[in-house]
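Only one structure is covered here, and it is reproduced in the block below.
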Amino acid sequence: MNILIPSHPLRAITVLLAAALTNFAVPLRGGEEAMVAKPNGGPLAAHLPVEIAVLTPAPNVPPPITRRHEAKVVVNLEVRELTRRLADGVEYTFWTFGGGVPGLFIRVREGDVVEFHLNNHPSSKVPHNIDLHAVTGPGGGAASTFTAPGHASQFTFTALSAGLYVYHCATAPVPMHISNGMYGLILVEPKGGLPKVDREYYVMQGDFYTQGATGEGGLQIFDNVKATDERPTYVVFNGAVGSLVGDAALQAKVGEIVRLFFGVGGPNLTSSFHVIGEIFDRVYPEGGMKLVQENVQTTMVPAGGSAIMEFKVDVPGTFVLVDHSLSRAFNKGALGMLKVTGPENRVIYSGKEVDEVYLGDQSDAGVAARDRAAELVARKQEAIASNPEIAGMTKEIQMERGKKVYLQSCFACHMANGEGLPGVFPPLAKSDYLNADRNRAILIPLKGLNGPITVNGKPYNNVMPPQAFTDDQIADVLTFVLNSWGNSGGSVSPKDVKQARDN
Ligand SMILES: [Cu+2]
């Protein structure tokens, strides 16, 4: 994001806040009060037993709810902005509900009163909120949960209607927040619970828009033109190409009934969801609870929608989950696997394996090739790093890259020429504190810094949040700072940063 040229970080937040609110026709205050207060003036659900919700990362699902009464359920969800693998050799800075894409799975029961806490980690760069489609109220909770970095919000809602619902961030620009991975599922179980099955899994499809073409390596950034044109570079299950293949494939045994909780975060594409070689015995279309369709081959799931599929696995083998708009599956990543083990049943299926035809580069051989290639790339990089001529060029490249990182974050507080802000943000220019101890300096962007320090004879006692950058970026920005504005020089390598991070 490059819309902010703040002279102070708080001003940046105010600008964003104003921008976000103008995009909502919902009164912030009024909505909040209406939901928190009860006619009798007492706190909501004071009479109910209190439970802390178990939240799970995909593809896991929290255990079924066995209680047969209502409860007050406390949900704690933390927003983190994290750089992770999107495809082989491709990194992306995801904005996450709980540390991964999709966000943590939430499971409550019809009639439960949900006390929702949205916490935005201090390392985040922008504010976020949450719109849960399970909520009846302004913005699905968005109006009450707008949360700046380092802040926490709370609101309470009653889960009135059973169903499987998408939740997502609704902070402007909304398509960008969703494109960065800000979606997940909340299941409101019907009062009597769902029928018992042997396995439950959580899968969400999402479309991603990177400035580089599909497969182009390195840290990729969000491309707003492609997003607006709905031309994704990746369409994936569970936040990355290959997140459900190889050792990460879903598992089941012959004879078991599998239930998939499937959602589409979007922001733009619908899914023609299909499992190659299976028929869904039952589908709860659109995540609703009233109609159950039987014997379905492919179910259409809208953006911001969901479906539940149940099927018995009768024969062993690898069953491939796809969006049956198949270019997405074979060229953009919307492909996962369910591996079923157990005895053959020649009556149902004769046994000829077709894995290689269907799986292509996601087959076991493909995954092994990927791992071997990654190992060789790492070895090549090591050999390059130890060549002195290349080392000199590396430093220059680092300086330029580091400047970009500096302008993305540090300058908001330490100012464009590292001069700082008297009494508030210490200078990085000619900083005796910085130059005195390189190893200590590496830790500052990694872990943050607070408490009293003295820089160039002047006292500071403020908080610097940890900076959510990759090891490469932190190495680059420190190298840039150490070689700018009269500092002592030297360089920091990604290896140095990794060492500091691990210690
Ligand atoms: Cu957001």
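Note that the coordinates shown come from a computational prediction; the quantities given were computed from them, not determined experimentally.
Checked against the 6.0 Å centroid criterion, the rings of Y165 and Y167 do not qualify as a close aromatic pair. Here the two rings, on H133 and H168, have centers that are under 6.0 Å apart.
With contacts defined as side-chain heavy-atom distances shorter than 4.5 Å, the pair F116/T156 does not qualify.
In terms of modelled atom types and a separation under 3.5 Å, the side chain of D281 and the main chain of K312 share a donor-acceptor contact. Although no hydrogens or angles enter the test, the distance criterion places a donor-acceptor pair under 3.5 Å between the side chain of T145 and the main chain of I130. No donor-acceptor distance shorter than 3.5 angstrom exists from the side chain of R282 to the backbone of V292, with no hydrogens or angles considered.
With sequence neighbours excluded, no residue forms a salt bridge (Lys or Arg N to Asp or Glu O under 4.0 Å) with D476. The side chain to side chain donor-acceptor pair (under 3.5 Å) search around R109 returns none, not counting sequence neighbours. Remark: T228 pairs with no residue by the side chain to side chain donor-acceptor pair (under 3.5 Å) rule, at least two apart or across chains. Checked against side chain to side chain donor-acceptor pair (under 3.5 Å), T210 has the following partners two or more places apart in sequence or in another chain: T233. Legend: residues meeting salt bridge (Lys or Arg N to Asp or Glu O under 4.0 Å) with R67, ordered by chain and number and at least two apart, are E51, D112. Partners of H414 under the ring-ring contact (aromatic ring centres under 6.0 Å, His included) rule, at least two apart in sequence or in another chain, do not exist in this structure. Under the ring-ring contact (aromatic ring centres under 6.0 Å, His included) criterion, Y406 pairs with F480, W485, sequence neighbours left out. Remark: E256 engages R199 in a salt bridge (Lys or Arg N to Asp or Glu O under 4.0 Å) (not counting sequence neighbours). Taking the salt bridge (Lys or Arg N to Asp or Glu O under 4.0 Å) definition, one finds that D229 meets it with R231, sequence neighbours left out. Every residue two or more places apart in sequence or in another chain that forms a side chain to side chain donor-acceptor pair (under 3.5 Å) with N268 is listed here: Y209.
A salt bridge links K72 with E115: at least one charged nitrogen is closer than 4.0 Å to a carboxylate oxygen. In summary, R107 and E200 engage in a salt bridge, as defined by a charged side-chain N under 4.0 Å from a carboxylate O. Electrostatic pairing of D471 and K498 does not count as a salt bridge here, judged by no charged N lying under 4.0 Å from a carboxylate O.
Sorted by first and then second residue, the pairs that involve residues 289-307 and meet side-chain hydrogen bond (donor to acceptor under 3.5 Å, both in side chains), not counting sequence neighbours, are H274-T298.
Rounded to the nearest 0.5 Å, atoms OG1 (T147) and NE2 (H128) are 9.5 Å apart. We find the CG-CG distance between L260 and L250 to be 7.0 Å, quoted to the nearest 0.5 Å.
Between T83 and the choices D472, T93, T470, the side chain to side chain donor-acceptor pair (under 3.5 Å) rule is met once, by T93.
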Evaluate the criterion ring pair (Phe, Tyr, Trp, His ring centres under 6.0 Å) for residue pair F94 and F208; output intermediate values, then yes/no.
-> CA-CA 10 Å; F94 296 94; F208 288 85; 5.6 Å; yes

List the steps and the verdict of ring pair (Phe, Tyr, Trp, His ring centres under 6.0 Å) for Y201 and F261.
-> CA-CA 6 Å; Y201 287 116; F261 293 108; over 10 Å; no

For residues 216-225, please give each side-chain donor-acceptor pair under 3.5 Å, one per line with the distance, not counting sequence neighbours.
| residue | atom | partner | partner atom | Å |
| --- | --- | --- | --- | --- |
| E216 | OE1 | A213 | N | 3.1 |
| Q220 | OE1 | G212 | N | 2.6 |
| Q220 | NE2 | E216 | O | 3.3 |
| Q220 | NE2 | G217 | O | 3.1 |
| D223 | OD1 | V225 | N | 2.9 |
| D223 | OD1 | K226 | N | 3.0 |

